[in-house]
A.B. asks: 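Please see the structure below; I have some questions.
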Amino acid sequence: MVLAIEKILNDEYLGRRVSIRGWIYRKRRVGKLIFLVVRDSTDIIQCVMEKNKIPAEDFKLLDKVGVESSVTLEGTLRKDDRAPTGYEIEAERIKIIGPSYNFPITRDKSDDFLLDNRHLWVRSREMNAILKIRHTVFGALHEYFREKGYYESQAPMFVTGAVEGGATLFEVPYFGKKAYLTQSSQFYLETLIFSLEKVYTVAPSFRAEKSRTRRHLTEYWHAEAEAAWYHNEDMMQDEEEMIVYIIQRVLEDRKKELEFLKRDREFLESIEKPFKKMRYEELIKFAQDHGVEIHYGDDLGADEETAITKHFDGPVFITHYPRKIKPFYHRPDPENPKVVLCHDLLAPEGYGEIIGGGERIYKLEVLLERMEENGLNPENYYWYMDLRKYGSVPHSGFGLGMDRFVWWIAGLTHIKYAIPYPRTIRRTRP
RNA sequence: GCCGCCGUAGCUUAGUUGGCUGGAGCGGCCGGCUGUUAACCGGCAGGUCGCAGGUUCGAAUCCUGCCGGCGGCGCCA
């Protein structure tokens with residue numbers, strides 16, 4: 001029986017005959033010995049081929065092929081401290097399934113080269129670890145929402161208008177007309193709460209902004225939720241519970257991967273709810289006290305966000321932003337209409353914003369007032385306004401940038417490492 | 001939209017106050033090695049120094065234009 005490499009890195013199989021299949025990760029020829037490090041999706045193991053213990057032809061063939069050849073291999077398992085994962089297979093039989101010669105990726109590769117060869121670089125142990133963490137993050141998100149009584153649904157990717165005035169849309173030809181790629185599913189989720197009450201979706205969002213930073217993609221994975229009867233605080237409570245749940249899952253299930261990436265696990269372990277909450281004006285004061293030059297009414301720039309969040313010991317909610325710097329759909333605070341009932345969640349360690357959310361306006365006249373303020377034509381939002389005409393309810397929602405979340409949890413330097421095939425302003429391949 | 005940086009072998013790069021034949025590591029090919037750890041050792045092949053023009057006795061090096069790429073800001077999740 002073929003076993004996963006992870007399974008045989010274990011005393012249980014010592015001295016026993018085992019079969020594995022995978023790809024040659026490293027190959028070293030030392031005289032009449034060949035050391036192979038074989039990898040599969042689970043781990044790596046060193047295998048030794050002795051020239052006089054396997055068929056001469058096999059040895060010759062193996063000597064010729066390069067790394068990343070796919071192989072099946074059979075042999076006896078033993079312990080050896082000199083082997084990279086502590087165990088080693090003394091091979092008796094080896095079969096080359098798909099040979100590989102001159103694999104393009106060797107040592108000393110630039111970032112850019114690895115991006116051009118992402119289809120091959122995804123095989124690396126680094127990417128393998130990141131992709132597994134990403135898998136766990138996405139899975140845990142679904143677990144959380146479903147457990148919490150949210151229904152999963154889907155919104156269209158082809159749309160005709162912007163959710164937020166400022167964000168730039170990708171225009172696509174649509175049977176002689178123009179359509180756009182969605183940049184948020186929020187408005188559609190808002191329609192669905194009148195049926196399902198609590199809904200969420202995980203979908204790509206597209207932004208045609210010419211952002212060239214370590215935290216931007218033109219196509220990114222957006223987890224969005226919307227809940228009827230929820231006020232701003234209720235939403236924040238679900239969010240912090242969700243964030244903590246997902247981090248716990250990653251800490252439990254992806255210990256090995258976090259370690260491989262040298263992520264500071266203790267820091268992640270220290271993250272607990274409730275998260276610290278700061279009003280926008282407190283944040284400005286906090287920033288000024290830490291030597292960041294920013295004034296009331298300014299939006300947080302990238303530099304400010306990095307500088308501020310480096311002083312955080314966990315994620316922090318920022319609430320009550322001035323209405324001028326937030327999108328029109330946020331509900332103005334009845335106690336101080338100059339600010340809105342919204343919240344951004346800033347990840348610590350310099351990572352910055354990963355969630356944007358808030359309470360939505362549910363009264364038609366307030367919505368009209370805010371649209372006018374922002375120079376928006378209500379006709380373009382007829383269906384969004386209908387929601388405020390027929391049985392409106394207070395409700396809140398948020399959007400989480402999944403790639404940013406993975407970026408932070410895995411402790412990566414650039415968001416492009418958090419997704420298998422990053423789409424940025426200047427890259428659409430592979 | 002704005003600011004900055006870089007194009008030298010398949011890859012990573014040294015060489016840029018102009019000066020002899022543009023060096024090296026990895027990868028490739030040939031050979032050696034029974035305990036390697038991105039193995040090591042010896043040998044060989046591999047270059048339109050991004051492209052075009054200019055300055056000069058002489059240009060990878062200086063100037064102009066073009067092309068390609070990268071990083072950051074703004075905007076945003």
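Quick note on labels: first sequence line is chain A, next is B, and so on, each numbered from 1.
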A.B. asks: Find which nucleotide of RNA chain B each of A:K109 and A:I355 is nearest to by heavy atoms, and output the residue with the more 5' nucleotide.
C.D. replies: A:K109
A.B. asks: Rounding to a whole Å, what distance do you find between A:R426:CZ and B:C6:P?
C.D. replies: 16 Å
A.B. asks: Can you confirm whether or not the ring centre of A:Y421 sits under 6.0 Å from the ring centre of A:H119?
C.D. replies: no
A.B. asks: Please give me every residue in residues 86-107 of chain A whose heavy atoms get under 4.0 Å of an atom in RNA chain B, ordered by residue number.
C.D. replies: A:E88, A:N102, A:T106, A:R107
A.B. asks: Between A:T218 and A:R423, do the side chains contain a donor N or O and an acceptor N or O under 3.5 Å apart?
C.D. replies: no
A.B. asks: Could you name each residue pair satisfying salt bridge (Lys or Arg N to Asp or Glu O under 4.0 Å) that touches residues 66-75 of chain A, not counting sequence neighbours?
C.D. replies: A:R17-A:E74, A:R39-A:E68, A:E68-A:R123, A:E74-A:R93
A.B. asks: Is the number of heavy atoms from other residues, nucleotides or ligands under 6.0 Å of A:E143 CD greater than 12?
C.D. replies: yes
A.B. asks: Would you kindly give the CG-to-C1' distance between A:L217 and B:C75, to the nearest whole Å?
C.D. replies: 15 Å
A.B. asks: Can you confirm whether more than 12 heavy atoms, excluding those of A:F158, are under 6.0 Å from its CZ atom?
C.D. replies: no
A.B. asks: Between B:C51 and B:C57, how many Å separate the two C1' atoms, rounded to a whole number?
C.D. replies: 26 Å
A.B. asks: Starting at atom CD of A:E50, determine the distance to atom C1' of B:C33, rounded to an integer number of angstrom.
C.D. replies: 15 Å
A.B. asks: Please work out whether the ring planes of A:Y417 and A:H414 are parallel, tilted or perpendicular, with thresholds of 30° and 60°.
C.D. replies: perpendicular
A.B. asks: Tell me if the NZ atom of A:K109 is crowded by more than 12 foreign heavy atoms within 6.0 Å.
C.D. replies: yes
A.B. asks: Rounded to whole Å, how long is the line connecting atom CZ of A:F113 with atom C1' of B:A9?
C.D. replies: 14 Å
A.B. asks: For the C1' atoms, the ones on B:U48 and on B:A60, what distance do you get once it is rounded to whole angstrom?
C.D. replies: 12 Å
A.B. asks: Expressed as a whole number of angstroms, how long is the span from A:I425:CD1 to B:G69:C1'?
C.D. replies: 13 Å
A.B. asks: Answer yes or no: is there an ion pair linking A:R215 with A:E353, defined by an N-O contact shorter than 4.0 Å?
C.D. replies: no
A.B. asks: Among the nucleotides B:G72, B:C76, B:C33, which one has an atom lying closest to any side-chain atom of A:H414?
C.D. replies: B:G72
A.B. asks: Take atom CZ of A:R28 and atom C1' of B:U34, then tell me their distance rounded to the nearest Å.
C.D. replies: 15 Å
A.B. asks: Counting only heavy atoms from other residues, nucleotides and ligands, does the tally under 6.0 Å from OH of A:Y151 exceed 12?
C.D. replies: no
A.B. asks: Using the ring centroid of each side chain, check whether A:F312 and A:F286 are separated by less than 6.0 Å.
C.D. replies: yes
A.B. asks: Could you tell me which residues satisfy ring-ring contact (aromatic ring centres under 6.0 Å, His included) with A:H395, sequence neighbours excluded, listed by chain and number?
C.D. replies: none
A.B. asks: Would you kindly check whether a donor in the side chain of A:D112 faces an acceptor in the base of B:U12, or vice versa, at under 3.5 angstrom?
C.D. replies: no
A.B. asks: Can you give the dot-bracket line for RNA chain B, where a pair is Watson-Crick or G-U wobble with both atom distances under 3.5 Å, crossing pairs use [ ], and | marks a partner on another strand?
C.D. replies: (((((((..((((.....[...)))).(((((.......))))).....(((((..]....))))))))))))....
A.B. asks: Show your reasoning for whether salt bridge (Lys or Arg N to Asp or Glu O under 4.0 Å) applies to A:D403 and A:K416.
C.D. replies: CA-CA 8 Å; A:D403 316 280; A:K416 66 193 174 192; over 6 Å; no
A.B. asks: Do side-chain atoms of A:S110 reach the backbone of A:F113 as a donor and acceptor pair under 3.5 angstrom?
C.D. replies: yes
A.B. asks: Please state the P separation for the pair B:G1 and B:G23 - nearest whole angstrom.
C.D. replies: 44 Å
A.B. asks: What is the separation between atom CD on A:E68 and atom C1' on B:G27, rounded to the nearest whole Å?
C.D. replies: 15 Å
A.B. asks: With respect to the phosphate group of B:C75, does any side-chain polar atom (N or O) of A:S211 fall under 4.0 Å of OP1 or OP2?
C.D. replies: no
A.B. asks: Among A:E92, A:E90, A:R16, which one satisfies side chain to side chain donor-acceptor pair (under 3.5 Å) with A:T76?
C.D. replies: A:E92
A.B. asks: Could you state the CZ-C1' distance from A:R26 to B:G35, rounded to the nearest angstrom?
C.D. replies: 18 Å
A.B. asks: Do any of residues 31-46 of chain A sit with a heavy atom less than 4.0 Å from RNA chain B, and if so which?
C.D. replies: A:G31, A:K32, A:L33, A:F35, A:Q46
A.B. asks: Looking at RNA chain B, which of residues 122-147 of chain A put a heavy atom within less than 4.0 Å of it?
C.D. replies: none
